[in-house]
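Here is the naming used below: chain letters follow the sequence lines, and residue numbers restart at 1 for every chain.
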Amino acid sequence: MYLYRWTIDRVEGFPKLNDLEQVLGVVGWELEVRDTTDHSIHYLRTETKLDTSNIDPTNFTDYLELTNEQILQWVWDVVGKEAMENRVRQELDDIRAPKEDQLTSFGMPWKGSCCPDGTGMPSPEPGAT
Amino acid sequence: MANLQATTVAGDLSGASYILDNSVDMSEWYILSHCICDGSQISDCLGTGHPWLHVRTPLPTTIAEGMGWNPYILEVVGYHTYSAECFHDFRAIVNTNGYDDSWYGSQVRINRSGAGGLMTPASSPYVYRSANTYGGKTRLCFAVRKISCCCTGYLWVRWWTNAGKRADYSWATFHSDSQTQYW
């Protein structure tokens with residue numbers, strides 16, 4: 001089973017926009033996914049710009065009365081809740097099963113070839129307690 | 001209209017979820033918000049009876065992955081609960097024996113054990129190599145203490161390395177009643 005958690009990291013807004021005050025413009029958010037079978041986790045962290053071009057003053061919520069749920073709903077209206085949850089889940093799955101034809105980082109081959117001959121190692125060698 | 005055909009980046013790249021090999025540099029901080037809760041069940045956040053948070057990092061820990069006699073430094077900073085009763089701030093140097101790949105478990109050097117000062121209860125970090133393999137490799141893991149509170153908490157984790165690190169598996173966190181090896 002996958003668990004998801006949405007968290008608002010930060011908000012930015014306009015102190016004044018047209019005749020309105022403290023208008024939210026950008027929401028930074030984090031989406032965490034957890035696979036409960038192996039406890040693997042992954043995060044999607046980004047920001048969403050809200051449409052402030054045509055705000056109805058009669059339907060405007062004062063900044064101090066905004067709730068976490070309301071702001072998240074605005075984000076979901078833009079990015080799609082299910083779409084983002086599918087994306088973060090897919091990213092987690094891709095990390096656990098990386099494609100073989102995908103560019104990835106390798107370690108230094110001479111450091112993984114095992115082993116130094118011990119020349120210059122202290123005696124007793126490290127770890128020999 | 002011009003289209004971007006290709007781009008070249010000199011230096012290191014970091015993704016939001018993992019780090020790429022950068023050989024000798026420090027990695028980006030990786031942020032773990034470990035308070036995801038599943039209802040009233042015991043979780044990484046609710047610590048009652050399970051006061052240890054175990055973190056499995058994607059860092060492989062064998063000679064074949066470049067760790068033999070090539071120490072990495074693991075650095076962890078973090079807290080748990082609104083007033084940060086649990087505070088974590090330590091570096092550990094981790095290594096394997098280049099002869100036989102044995103883990104220097106008893107000799108992981110940690111600069112701060114978390115005892116004393118205002119750190120009550122102590123962070124008491126414990127760094128280990130996973131007993132199981134994940135994506136075919138053992139991984140670097142650590143445990144730190146947490147509080148029985150479903151509230152806020154973050155860990156920031158990064159590495160200083162001289163061997164080359166790979167990020168070919170996911171991070172994971174889980175609670176445990178024991179400080180010692182979980183993964």
Side-chain angles (χ1 to χ4, degrees), chain A residues 1-9 28-47 87-100 102-122 124-129, chain B residues 12-13 15-24 30-38 43-44 54-56 58 60 62-71 95-107 134-135 161-175 182-183:
Chain A
M1 184 174 75
Y2 291 92
L3 297 178
Y4 302 94
R5 183 180 63 165
W6 289 80
T7 306
I8 297 173
D9 282 339
W29 51 269
E30 169 193 285
L31 172 57
E32 175 178 348
V33 61
R34 171 180 297 273
D35 184 346
T36 57
T37 57
D38 71 350
H39 315 296
S40 287
I41 52 175
H42 178 57
Y43 299 92
L44 184 60
R45 296 183 174 103
T46 187
E47 64 178 30
R87 176 178 160 183
V88 74
R89 187 183 67 228
Q90 187 60 54
E91 287 184 2
L92 174 61
D93 291 341
D94 289 345
I95 291 169
R96 288 181 293 182
K99 295 180 177 69
E100 291 187 346
Q102 181 178 300
L103 194 66
T104 188
S105 55
F106 286 179
M108 305 301 165
W110 54 90
K111 289 179 177 173
S113 59
C114 185
C115 299
D117 62 7
T119 303
M121 290 294 293
E125 68 182 82
T129 54
Chain B
D12 304 319
L13 282 178
S17 58
Y18 51 88
I19 56 170
L20 300 180
D21 184 287
N22 62 356
S23 189
V24 295
Y30 188 82
I31 309 169
L32 295 162
S33 51
H34 56 268
C35 269
I36 190 167
C37 295
D38 182 14
S43 74
D44 286 2
H54 287 252
V55 177
R56 190 189 73 224
T62 61
I63 290 174
E65 301 299 324
M67 188 176 261
W69 280 336
N70 289 296
N95 198 5
T96 58
N97 186 317
Y99 285 133
D100 58 12
D101 212 13
S102 59
W103 176 249
Y104 281 159
S106 63
Q107 291 202 351
Y134 299 88
T161 183
N162 71 356
K165 48 189 169 290
R166 303 185 201 181
D168 52 4
Y169 207 71
S170 64
W171 291 73
T173 61
F174 200 61
H175 54 270
Y182 173 78
W183 302 106

Go through it in stages, so that I can follow the logic: the residues are B:Y30 and A:Y43, the test is side chain to side chain contact (heavy atoms under 4.5 Å, CB included), and I'd like the CA-CA distance, side-chain angles, deciding distance and then a yes or no. CA-CA 10 Å; B:Y30 188 82; A:Y43 299 92; 3.4 Å; yes
Which heavy atom in [X] sits nearest to a heavy atom in [Y], and how many Å separate them?
| X | Y | value |
| --- | --- | --- |
| A:L92 | B:S170 | CD1-CB, 3.6 Å |
| A:D38 | B:A172 | O-CB, 4.2 Å |
| A:R45 | B:I31 | NH2-O, 2.7 Å |
| B:T173 | A:R34 | OG1-NH2, 2.7 Å |

CZ of B:R56 to NE2 of A:H39: how many Å apart, nearest 0.5 Å?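 Output value for this atom pair is 9.0 Å.
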Residues in salt bridge (Lys or Arg N to Asp or Glu O under 4.0 Å) with A:R89, at least two apart?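 A:R89 satisfies salt bridge (Lys or Arg N to Asp or Glu O under 4.0 Å) with no residue once adjacent residues are dropped.
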Salt bridge (Lys or Arg N to Asp or Glu O under 4.0 Å) with A:D93: which residues, sequence neighbours excluded?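 Per chain and number, A:D93 pairs via salt bridge (Lys or Arg N to Asp or Glu O under 4.0 Å) with A:R96.
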